[in-house]
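Okay, structure first, notes after.
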Amino acid sequence: MRRLRPGTGHLRAVDRELARRLDEALARPAAQQPSWPDPARVAEVLGHLDEVEPIVEPAETARLADRLAAVARGEAFLLQGGDCAETFAGNTEPHLRANLRVLARMAEVLAEGAGLPVVRIARMAGQYAKPRSHPVDALGLPVYRGDIVNSPEPTLAARTPDPRRMLQAHADASRAMHLVRAAGEVFVSHELLLLDYERAGLWADTGGPQPRLSSGLAHFLWIGERTRQLDGAHVAFAELLANPIGLKLGPSVTPELAVEYVERFDPHRTPGRLTLVSRMGHRLVRDVLPPIVEKVTASGHEVVWQCDPMHGNTYRSGNGYKTRHFDQVLDELAGFVEVHRELGTHPGGIHVEVTGEDVTECLGGSPAVAEPELPARYRTACDPRLNAGQSVQLARSVARLLADRRAAVPEGLR
Ligand code: PEP
Ligand code: MN
């Protein structure tokens with residue numbers, strides 16, 4: 001692995017070719033990017049990022065690729081979770097440890113239910129950039145795009161994108177990674193969103209059969225529902241990476257489009273290279289997911305099927321909070337498992353927004369959080385998370401769904 005330094009004029013031939021493909025990818029339209037007010041300052045920050053150490057080791061990323069191949073083959077289960085948006089203020093040892101602890105507990109419960117090893121990926125050590133539905137808020141201010149871009153306070157100064165935040169994001173991610181490594185085998189992930197930052201974290205990986213680019217910023221990156229345009233920069237960028245990739249699929253995705261994605265991201269037919277993350281909403285999952293799974297399965301590509309039961313089930317509570325109800329989250333997961341049971345495919349994993357803290361952001365669970373309690377400890381910087389109790393309860397329920405599924409398969413076929 002060596003750093004790719006486009007623009008230095010001293011690139012080796014393979015690096016030049018990689019840099020050319022990267023430039024081509026980044027020349028495409030990119031949704032959800034901030035408009036930095038001062039290009040000179042951006043260049044200065046990118047210069048600094050060029051000197052920093054990678055956050056993840058290539059050998060760790062390669063190990064995750066092996067683990068995900070096992071998930072794709074039905075031999076392991078994937079648990080991915082953490083904050084919707086990490087914040088600089090929240091990058092504390094107690095918060096990180098609490099989130100790692102709840103993931104570990106969920107993994108234990110799921111392993112027992114599924115009768116399979118559980119691969120753990122945290123939304124951590126870099127989950128600082130957020131896609132938003134509107135570019136400005138109700139006051140006409142630029143919207144908050146995550147701590148890596150701007151600050152949530154409703155003033156123009158706070159909301160003005162500041163590229164120096166990319167340096168803090170990198171430093172904080174690096175610190176968080178030390179704690180993650182102390183927690184056993186946990187991989188880290190974030191949304192592949194802010195392209196100036198992602199580009200600065202690339203390394204040339206010339207160890208494999210083909211020279212490729214590898215992100216040193218996370219083991220696993222995913223493309224969100226709002227940035228998966230087939231002709232856009234995010235898809236073209238992710239295609240170039242050696243890292244395993246996730247792709248969120250909302251209810252408007254057709255089976256034909258799903259196959260197009262699979263062919264783009266998995267041209268070499270590598271089991272587990274692509275994780276398809278369905279986030280259909282509990283009302284639609286049973287209708288929309290089956291033809292997608294059927295068509296992708298028929299294509300012969302071995303993907304990881306993962307369910308994000310959070311993002312299709314967000315609504316505003318009577319008292320004005322963006323929330324999700326435990327029962328609807330669980331219902332989408334039940335639908336996901338049912339669909340795969342009927343088609344004979346592996347419900348490979350879940351992707352959830354959770355915290356180890358006792359927040360009151362999602363409704364339901366037991367003891368239940370009710371609407372009047374939402375304001376008590378509603379602390380998220382973006383979407384509502386399941387608290388520690390709700391998270392473990394959800395894991396128990398999913399474990400039961402997976403155990404039932406095992407019981408439904410005749411002994412000889414297991
Ligand atoms: C997220 O995972 O926080 C997110 C924004 O998801 P989606 O792209 O599926 O809406
Ligand atoms: Mn979210």
Side-chain angles (χ1 to χ4, degrees), residues 30-34 78-87 90 99 103 121-135 143-149 152 188-195 198 218 220-230 232-235 237-238 245-253 257-258 261 274-282 284-285 288-289 292 304-316 321-325 328-329 332-333 336 349-355 359 361-362 378-387 390-391 394:
Q32 298 280 343
Q33 304 305 293
L78 171 61
L79 168 64
Q80 186 169 3
D83 296 318
C84 174
E86 288 188 280
T87 62
N99 280 20
L103 278 183
I121 306 183
R123 289 174 64 116
M124 191 178 277
Q127 175 52 18
Y128 290 119
K130 296 310 301 174
R132 304 313 301 264
S133 308
H134 304 286
V143 77
Y144 171 61
R145 292 188 180 275
D147 273 14
I148 195 169
V149 172
V188 296
S189 65
H190 62 257
E191 178 170 347
L192 193 181
L193 183 64
L194 183 62
L195 293 172
E198 297 300 335
F220 182 96
L221 294 164
W222 77 87
I223 297 179
E225 171 72 359
R226 290 163 193 78
T227 50
R228 56 174 172 73
Q229 299 78 10
L230 273 176
H234 294 87
V235 165
F237 184 97
I245 294 296
L247 177 68
K248 297 283 199 96
L249 299 182
S252 68
V253 172
L257 177 58
Y261 281 127
L274 180 63
T275 295
L276 289 177
V277 195
S278 62
R279 29 91 81 221
M280 304 301 183
H282 73 111
L284 295 178
V285 58
V288 179
L289 188 57
I292 293 176
V304 170
W305 293 106
Q306 189 189 39
C307 177
D308 164 359
M310 316 297 292
H311 288 89
N313 297 308
T314 314
Y315 64 96
R316 203 156 284 278
Y321 288 83
K322 193 183 193 187
T323 192
R324 292 152 174 164
H325 198 289
Q328 298 185 351
V329 168
E332 178 158 356
L333 288 166
F336 169 79
I350 65 175
H351 184 139
V352 284
E353 291 183 341
V354 299
T355 175
V359 299
E361 297 171 3
C362 290
Y378 193 97
R379 296 184 184 140
T380 182
C382 192
D383 289 339
R385 303 159 294 180
L386 298 171
N387 63 30
Q390 289 168 326
S391 302
L394 188 77

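Atoms within each ligand, like the ligands themselves, are counted from 1 in listed order. Along the sequence shown, residues carry numbers from 1.
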> Just which atoms of ligand 1 are under 4.0 Å from any heavy atom in Gly224?
Replying inline: 8 (O)
> Any side-chain heavy atom of Lys322 within less than 4.5 Å of one from Thr314?
Replying inline: yes
> For atom 8 (O) of ligand 1, what's the nearest protein heavy atom and its distance?
Replying inline: Glu225 N, 2.8 Å
> Heavy-atom distance to atom 4 (C) of ligand 1: which of Arg123, Arg279, His311 wins?
Replying inline: His311
>> side chain to side chain donor-acceptor pair (under 3.5 Å) for Arg385 and Gln390? Distances and angles first, verdict last.
In response: CA-CA 9 Å; Arg385 303 159 294 180; Gln390 289 168 326; over 6 Å; no
> Can you check whether Leu194 reaches Gln33 side chain to side chain, under 4.5 Å on heavy atoms?
Replying inline: yes
> Given Met310, Arg226, Glu191, Lys248, which has its nearest heavy atom closest to atom 2 (O) of ligand 1?
Replying inline: Lys248
>> Under a 4.0 angstrom heavy-atom cut-off, which atoms of ligand 1 come close to Lys130?
In response: 1 (C), 3 (O)
>> Using 0.5 Å steps for rounding, measure from the OH atom of Tyr321 to the OG1 atom of Thr380.
In response: 13.0 Å
>> What I want to know is whether Gln127 and ligand 1 share at least one N or O pair that is separated by under 3.5 angstrom.
In response: no
> Taking side chain as C-beta onward, heavy atoms only, is Arg228 less than 4.5 Å from Val253?
Replying inline: yes
> After noting the C-alpha distance and the side-chain angles of Lys248 and Glu225, does the key distance pass the salt bridge (Lys or Arg N to Asp or Glu O under 4.0 Å) rule?
Replying inline: CA-CA 5 Å; Lys248 297 283 199 96; Glu225 171 72 359; over 6 Å; no
> Which atoms of ligand 1 sit under 4.0 Å from any heavy atom of Cys84?
Replying inline: 3 (O)
>> Which heavy atom of Leu195 sits nearest to which heavy atom of Ala233, and what is that distance?
In response: CD1-CB, 3.7 Å
>> Run Glu361 and Glu353 through side-chain contact (heavy atoms from CB on, under 4.5 Å) and show every step you take.
In response: CA-CA 11 Å; Glu361 297 171 3; Glu353 291 183 341; over 6 Å; no
>> To check you understand the geometry: which heavy-atom pair defines the closest contact between His234 and Thr227, and what is its length?
In response: CB-O, 3.4 Å
> Is Pro131 touching ligand 1 with its side chain, its backbone, both, or neither, if touching means heavy atoms under 4.0 Å apart?
Replying inline: side chain
> Side chains of His351 and Arg123: do they bring a donor and an acceptor to under 3.5 Å?
Replying inline: yes
> Contact between Glu353 and ligand 1, counting heavy atoms under 4.0 Å?
Replying inline: yes
> What heavy-atom pair brings Val188 and Ala218 nearest, and what distance separates the two atoms?
Replying inline: O-CB, 3.7 Å
>> What I want to know is whether His351 and ligand 1 share at least one N or O pair that is separated by under 3.5 angstrom.
In response: no
> Which protein atoms of type N, O or S are found under 2.8 Å from the Mn ion (ligand 2)?
Replying inline: Cys84 SG, His311 NE2, Glu353 OE2, Asp383 OD2
